[in-house]
Amino acid sequence: MNLAIRQIVSRAVASEGVLDIFAAAGLNKPDISVLSDDFLAEVQGMPQRNLAVELLQKLLRGEVAVRRRTNVVQARSFAEMLEQTLRRYQNRAVEAAHVIEELIQLAREMREAAARGKRLGLTDDELAFYDALETNDSAVQVLGDETLRAIARELVDTVRRNLTIDWTLRENVRAQLRVLVRRILRKHGYPPDKQEKATRTVLEQAEVLSEGWSLICPDPA
């Protein structure tokens, strides 16, 4: 009961804080998932620099929280960049005007990242597994985008077909999935020294995505 109350209060305080900032800034509440150029330009032109930083911070943290439910690698990367920028600001290493520029650039990168799947011809789920393959690593890039996309598609298909409702609690199912993931990576020539980390990330990603998948194989038990 205490936990439920704390969660309700936390959500209420967070929501009220964001709304207060919008009102104080004289801005309409934007569609956070879009972060349009017009809205970002409005924020950049605000005379209250500290208020602009606070507003962008809340918006971007909200975006990271949303992405954490679908793409753990992307969310982790953006969270690290956001915290590094805010840490420099809090330590007075950069001025408010400069940190606003950095946060706006980060917002644009988040928006562009959301469109990467279409450019690559991947669904959101496939893009999440694609990102789990450490595609920025030079050793992995040797495989080429076509191979990496093929791996991502095969991972989504294989993982979805082999999940059971309580798979996260059953080590035998997790072990089977680890074997299947490693087999796919080896088949496509994924760098051997990168396979263990990629397998762990793929399973972490699968755990997040499986909560939203509506078609999961029934538990054979």
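Along the sequence shown, residues are numbered consecutively beginning with 1.
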What distance separates [X] [atom1] from [Y] [atom2], expressed to the nearest 0.5 Å?
| X | Y | atom1 | atom2 | result |
| --- | --- | --- | --- | --- |
| Lys118 | Thr123 | NZ | OG1 | 12.5 Å |
| Asp125 | Leu209 | CG | CG | 5.0 Å |
| Ile184 | Ile151 | CD1 | CD1 | 9.0 Å |
| Asn71 | Asp131 | CG | CG | 4.5 Å |
| Tyr89 | Glu95 | OH | CD | 10.5 Å |
| Arg160 | Asp157 | CZ | CG | 9.0 Å |

Identify the heavy atoms of [X] and [Y] that sit nearest to each other, and give their distance.
| X | Y | value |
| --- | --- | --- |
| Leu120 | Arg153 | O-NH2, 4.1 Å |
| Leu127 | Gly117 | CD2-N, 3.7 Å |
| Pro191 | Ala139 | CG-O, 3.6 Å |
| Gln176 | Asn162 | NE2-OD1, 3.7 Å |
| Thr135 | Tyr130 | CG2-O, 3.1 Å |

Co-membership, hydrophobic cluster, residues Leu55 and Leu51, 4.5 Å side-chain: yes
Hydrophobic cluster membership, Leu103 vs Val66, 4.5 Å side-chain cutoff: no
Any side-chain heavy atom of [X] within less than 4.5 Å of one from [Y]?
| X | Y | result |
| --- | --- | --- |
| Arg186 | Gln195 | yes |
| Val208 | Thr70 | no |
| Ser210 | Val159 | no |
| Leu106 | Glu102 | no |
| Ile100 | Arg49 | yes |

Donor on one side chain, acceptor on other, Arg61 and Gln57, under 3.5 Å: yes
Audit row: Lys187, Arg182, side-chain contact (heavy atoms from CB on, under 4.5 Å) steps and yes/no: CA-CA 9 Å; Lys187 182 178 77 172; Arg182 290 194 187 102; over 6 Å; no
Glu63 side chain to Met110 backbone, donor-acceptor under 3.5 Å: no
Tyr190 side chain vs Leu133 backbone, donor-acceptor pair below 3.5 Å: yes
Extract all donor-acceptor atom pairs below 3.5 Å that involve side chains of residues 73-81 and protein atoms in other chains or at least two apart in sequence.
unit_1	atom_1	unit_2	atom_2	d
Gln74	OE1	Arg67	NH1	2.5
Arg76	NH2	Glu204	OE1	3.1
Arg76	NH2	Glu204	OE2	2.6

Sequence-distant partners of Lys197, side chain to side chain contact (heavy atoms under 4.5 Å, CB included), two or more places apart: Glu134, Arg200, Thr201
Pair Glu112 + Arg116, salt bridge at N-O below 4.0 Å: no
Non-neighbouring partners of Arg178 that pass salt bridge (charged side-chain N to carboxylate O under 4.0 Å, His left out), sequence neighbours left out: Glu171
Asp124 atom CG, over 12 foreign heavy atoms within 6.0 Å: no
Residues, nucleotides or ligands: over 12 heavy atoms within 6.0 Å of Arg92 CZ: no
